[in-house]
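A short worksheet on the structure shown next.
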Number of protein chains: 2
Amino acid sequence: MSQSRKDTKIYVEIVNELRLMIERKNLKPGDKLPSERELSERLNVGRSSVREALRALELLGLIETRRGEGTYIRDYGGHQLVQLLSTFILQDENAKRDIIETKYLIELDCLWLNLHKSSDGQLQEFKSWAETAHYTDDEFFLKVVRLTENHLFLRMWIILKDYYNSLQLDQIATSKEEYVQLIDMLITRNESLIRNAYKSLRKLSKN
Amino acid sequence: MSQSRKDTKIYVEIVNELRLMIERKNLKPGDKLPSERELSERLNVGRSSVREALRALELLGLIETRRGEGTYIRDYGGHQLVQLLSTFILQDENAKRDIIETKYLIELDCLWLNLHKSSDGQLQEFKSWAETAHYTDDEFFLKVVRLTENHLFLRMWIILKDYYNSLQLDQIATSKEEYVQLIDMLITRNESLIRNAYKSLRKLSKN
DNA sequence: TCTAGTACAGTGGTCAGACCAGTCGTTTCT
DNA sequence: AGAAACGACTGGTCTGACCACTGTACTAGA
């Protein structure tokens, strides 16, 4: 630990320290962090302060702890975080509308990105997968979002998807033909066609 | 505390317990939670476990603690949370491109939303502000995003804006006419016009 | 009477140490 | 060689202690 422990709470400093450590050592998901006792010694803080920092990160889903083994960096998915936050803050009705609206628009953005950035080969491959495989709506659009290679959209979409599913909306059935057609529209590289195809797939009238 | 402390970690149970407590007593932002020592007694757990739970919730931005006073429920904003998550996640190099891409598309989404949801009156008011006031690009688009009344987009855009600005890109000058024209295009309610107007304002060729 | 000052109880912040309960690798016994 | 026992290490939890800070009730002085 570096400076005055007056201004900032120690556990917050530890969180930052961990972040730096991960960056410096270029630690990836699955890698092991130092033990609580070692961190406590290295940073000259009490073990309980270290634990407060670790527990917070754990609740965020950023790390994973296994008794007897150690603490590991986790592949961030956002699952438990979303669940926690949704029960805490997702009461008002506007939030619900925001989630639906935002998820749809981001999906549309990703389609648009693919329309501009994906190669014909990628789209053809995607199409043959869509024609043969079994998949849910989430799985289909996960592929769409992944294809954009935009990690930001990926993170946001995953979170939104979890929120969306926690809303328990009525599921609208989508046929395989509709998914395939959506990809066909991508291949045409026509912006308004893809927009309409998506709207129709989502059974949207104007919004 | 209710059941076996075998399966679930105590601090997680405490988080749930707090959630129930907030629900039962219908506590609102600003209200005070029981003290750490009292919670520790009431739930028959150590104070350190209580603290681990509280610290986690604090890092999530759900509660606020003031030394010498107590722990209070907070008006959730989500800022620091997203901030934290993004600094953890956003380390790779493509992140830069992702930020730019995402910020632009979300701005476009918000324009699109306004095109469908805002009233003529709102847009006229916006226009007269744009014609007379002094503002930065951020201030202009903050208004655009706010106008959508979509809190999710608002939060995402604010974070994106901060990151975007931290990238130290060359600023492209935008004249007041261009902003006003953008609003004019909104008023026409024409999707492709607004898209082109935005592209031109951002000096984008195709992407 | 009113005010300024003080004392105290309560609260969060932090630490040290203890013990339990798992995991894993090594050693030892069969 | 295989199984059992051991020991080192890890996280999980509790207790008690001390500090710094806040709000309040009480008290001494004006």
Side-chain angles (χ1 to χ4, degrees), chain A residues 1-18 21-22 25 27 29-75 80, chain B residues 1-18 21-22 25 27 29-75 80:
Chain A
M1 224 77 292
S2 36
Q3 346 77 318
S4 61
R5 36 277 314 273
K6 299 292 175 186
D7 45 356
T8 319
K9 291 174 189 170
I10 286 200
Y11 90 95
V12 174
E13 291 187 29
I14 297 178
V15 167
N16 289 325
E17 210 68 33
L18 285 171
M21 185 180 301
I22 291 173
K25 300 189 177 179
L27 298 181
D31 289 347
K32 194 163 181 264
L33 287 175
S35 76
E36 299 179 352
R37 289 174 178 82
E38 187 183 338
L39 283 173
S40 151
E41 277 191 27
R42 291 228 303 247
L43 305 178
N44 279 314
V45 296
R47 192 182 154 213
S48 48
S49 294
V50 171
R51 280 187 62 81
E52 288 181 10
L54 290 177
R55 262 1 88 213
L57 292 179
E58 186 180 48
L59 198 66
L60 280 175
L62 295 172
I63 61 173
E64 181 183 2
T65 58
R66 295 196 282 272
R67 176 192 302 209
E69 294 185 60
T71 305
Y72 300 84
I73 300 182
R74 189 165 172 174
D75 193 8
Q80 63 205 106
Chain B
M1 225 72 292
S2 35
Q3 346 73 319
S4 62
R5 33 280 311 272
K6 299 292 176 186
D7 44 357
T8 319
K9 291 172 190 172
I10 286 199
Y11 90 95
V12 174
E13 291 186 29
I14 297 178
V15 166
N16 289 324
E17 209 69 32
L18 285 171
M21 184 179 303
I22 291 172
K25 299 188 177 180
L27 298 181
D31 289 347
K32 194 162 181 263
L33 287 175
S35 77
E36 298 179 352
R37 289 172 177 84
E38 186 183 338
L39 283 172
S40 152
E41 277 191 28
R42 290 229 302 247
L43 305 177
N44 278 314
V45 295
R47 193 182 152 212
S48 49
S49 295
V50 171
R51 280 188 61 83
E52 288 182 12
L54 290 177
R55 261 2 88 213
L57 292 179
E58 188 181 46
L59 197 66
L60 280 174
L62 295 173
I63 61 172
E64 179 184 3
T65 56
R66 297 197 280 270
R67 177 194 300 208
E69 296 186 58
T71 306
Y72 299 84
I73 300 182
R74 188 164 173 174
D75 194 5
Q80 65 201 105

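Remark: C1' of dC18(D) and CD1 of Ile10(A) are 14 Å apart, rounded to the nearest angstrom. Counting to the nearest Å, the P atom of dT13(D) and the CD atom of Glu52(A) are 14 Å from each other. Rounding to whole angstrom units, CG of residue Leu57(A) and C1' of dG11(D) are separated by 15 Å. Here dG12(D) presents its C1' atom at 16 Å from CG of Leu39(A), a figure rounded to the nearest Å. When rounded to the nearest whole Å, the span between CD of Glu41(A) and P of dC9(D) equals 12 Å. At whole-Å resolution of the value, CD in Glu64(A) and P in dT23(C) are 13 Å apart.
Using a 4.5 Å cut-off on side-chain heavy atoms (C-beta onward), Glu52(A) and Lys9(A) make no contact. Here the side chains of Glu36(A) and Arg51(A) are in contact, with some heavy-atom distance below 4.5 Å. Between Leu39(A) and Ile14(A) the shortest side-chain heavy-atom distance does not fall below 4.5 Å.
Note that the CG atom of Leu57(A) and the OH atom of Tyr11(A) stand 10.0 Å from one another [nearest 0.5 Å]. To the nearest 0.5 angstrom, Thr65(A) atom OG1 is 9.5 Å from Arg74(A) atom CZ.
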Protein-nucleic acid N or O pairs under 3.5 Å, nucleotides 5-12 of chain C:
{"residue": "dG10(C)", "atom": "N2", "partner": "Gly68(B)", "partner atom": "O", "Å": "3.2"}
{"residue": "dT11(C)", "atom": "O2", "partner": "Gly68(B)", "partner atom": "N", "Å": "3.4"}
{"residue": "dG12(C)", "atom": "OP1", "partner": "Thr71(B)", "partner atom": "OG1", "Å": "3.1"}
{"residue": "dG12(C)", "atom": "OP2", "partner": "Glu36(B)", "partner atom": "N", "Å": "2.9"}
{"residue": "dG12(C)", "atom": "N7", "partner": "Arg37(B)", "partner atom": "NH1", "Å": "2.9"}
{"residue": "dG12(C)", "atom": "O6", "partner": "Arg37(B)", "partner atom": "NH2", "Å": "3.1"}

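Residue-level contact check: Ser49(A) touches the backbone only, with heavy atoms under 4.0 Å from sugar-phosphate atoms and none from bases.
Residues satisfying the side chain to side chain contact (heavy atoms under 4.5 Å, CB included) criterion with Glu38(A), sequence neighbours excluded, are Pro34(A), Ser35(A), Arg42(A).
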